[in-house]
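Contents: one structure, followed by commentary.
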Amino acid sequence: MATILVSALRGETPSNILIYGKTGTGKTASAKFVSKELESTSRKYEVPCEVEYINCEVTDTQYRVLAQLANTFIEKNRAHAEERIAELESVRDGGDAVDTGFDSTAAVGDRIEALEDELAEMEPVPMTGWPTDRVYSTFFDAVDHHERVVVIMLDEIDKLVEKSGDDTLYNLSRMNSDLVNSRISIMGISNDLKFTDFLDPRVKSSLGEEEIVFPPYDANQLRDILQHRAEVAFKPAALTDDVIPLCAAFAAQEHGDARRALDLLRTAGELAERGQADTVGEEHVRKAQDKIELDRVVEVVRTLPTQSKIVLFAIILLENNGVHSINTGEVFNIYKRLCDEIDADVLTQRRVTDLISELDMLGIVNAVVVSKGRYGRTKEISLSVPIGETKAVLLSDSRLGSVEDAEPFVQARFDS
DNA sequence: CCTCCACCGGAACGTGAGGAGT
DNA sequence: ACTCCTCACGTTCCGGTGGAGG
């Protein structure tokens, strides 16, 4: 990354960079580090060079990206102009301490006035209301205000493309040909290796001038990272020897996510503390693993759409009644009953099979298509999350809460 | 070897919500 | 305020199918 970006220090335009890697592989951290270094070095050598960070998960439309960029540059230009005015004023008032390149004090006065006019014209872009092209040209003028190299860092760029297409990227990558004073370069950070498939070929080729892939960490690397952090976070000897390797191993299974590894270690620590243990041991890590997984499931289930919740509830009821092999037909029957009970729309079986597949994808249930010969072909469904907690989460939903009364009624179905 | 169950899952289409342009 | 577009969610229709049992 640094070797690509150094050209900015020579006043050249760095190639656009695309960075790929799964979550928790250090893409953002590395990119931020490098850009900080770049900015500080550029100050040292007095080469104008700036890095702008934008997280596209938050700022996910073309308008917002442009507006945010425009505003930060307007702000910078303001500061720049104010500084310059102050500098010139001191020259005007205090004699010729600094060589400004102006031959008369009148010229200095004119320059100050010009700068003040400029300052007055710098109007920030409102959050909403302007046509996109006006925001674009405002941004354009703000960037082109004076000579500099600008690196725009777009984190989670795949989210931006997914939500609002590649127009933003197209416009940004095309800007260089019209800019007079400044140069911009784009640094895209993506979780998704295949996101360029959705891009216009022109954007794709200009954006992907340089590509960097961050491979997932392996268990050894994770162990190093954890070791490092643990020295800061824990008192010496607070961790038993197998804690860190175990955390590393668990996280390595989950695609080498460092964030996950750190989460695990932290949660293990918290659990040990809560249990008033003197040291963090292997069992705390295992508990932490379970807890994190449970939290994830609870969150997923809680935010499920109502229809999916009803379907899931139907599956839980069947499971509760010890039904040998749950298949789509039965789920659908119970589901219909539940819908009647809570006065919800009844979807078709076709749709319900899709919902079941979605639950499968989320890892909440496990669905396998099996053929039972003479007795047809169906999905065999089993729950793959703790039944008690899941049920509790479902019942806490305002629409499903009332279903508790319906339960014996559904159970009666099995008796008959 | 054939049949036929009970559902799978693709395709095309309908609908309403929300965003963008005008 | 209006139109146009896209998207998520659903529906309808229907061809497809693995394998137990005849």
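A note on names: the letters A, B, ... follow the listed sequences, proteins ahead of strands, and every chain is numbered from 1. No experiment lies behind these values; they were computed from the predicted model shown.
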Looking only at C:dC9, B:dC7, B:dG9, the nucleotide nearest the A:Asn327 side chain is B:dC7
Taken to the nearest whole Å, CG/A:Leu347 to P/B:dT15 is 17 Å
For A:Thr13 and A:Ser185 the tightest heavy-atom approach is CG2-CB, 4.4 Å
Checklist line | Electrostatic pair A:Glu341-A:Arg337, nearest N-O below 4.0 angstrom | finding: no
For A:Val280 and A:Thr240, the nearest pair of non-hydrogen atoms, with its separation, is O-OG1, 2.8 Å
Applying side-chain contact (heavy atoms from CB on, under 4.5 Å) to A:Met153 and A:Lys32, what does each step give before you reach the verdict? CA-CA 9 Å; A:Met153 200 163 127; A:Lys32 280 193 168 172; 3.7 Å; yes
Whole-Å distance, A:Arg350 CZ to B:dA12 P, equals 14 Å
Atom CD1 of A:Ile310 and atom P of C:dG10 are separated, to the nearest Å, by 10 Å
Whole-Å distance, A:Leu355 CG to C:dA8 P, equals 15 Å
Taking side chain as C-beta onward, heavy atoms only, is A:Phe214 less than 4.5 Å from A:Ile19? yes
Atom CD of A:Glu358 and atom C1' of C:dA8 are separated, to the nearest Å, by 11 Å
query = How is A:Val368 classified with respect to the nucleic acid when contacts are heavy atoms under 4.0 Å: base, sugar-phosphate, or nothing?
reply = nothing
When rounded to whole Å, the CD1 to C1' distance for the pair A:Ile326 and B:dA6 reads 17 Å
query = Are A:Ser325 and A:Lys372 close enough that some pair of their side-chain heavy atoms sits under 4.5 Å apart?
reply = yes
When rounded to whole Å, the CG to P distance for the pair A:Asn333 and B:dA6 reads 12 Å
Note: contacts of residues 371-384 of chain A with DNA chain B (heavy atom, under 4.0 Å) are A:Gly373, A:Arg374, A:Tyr375, A:Gly376, A:Arg377, A:Thr378, A:Lys379
A:Asp295/A:Lys291 ion pair, N-O < 4.0 Å: yes
note: A:Asp345, atom CG; C:dG10, atom C1'; distance rounded to Å ~ 10 Å
Looking only at C:dT12, C:dG10, B:dC8, the nucleotide nearest the A:Thr348 side chain is C:dT12
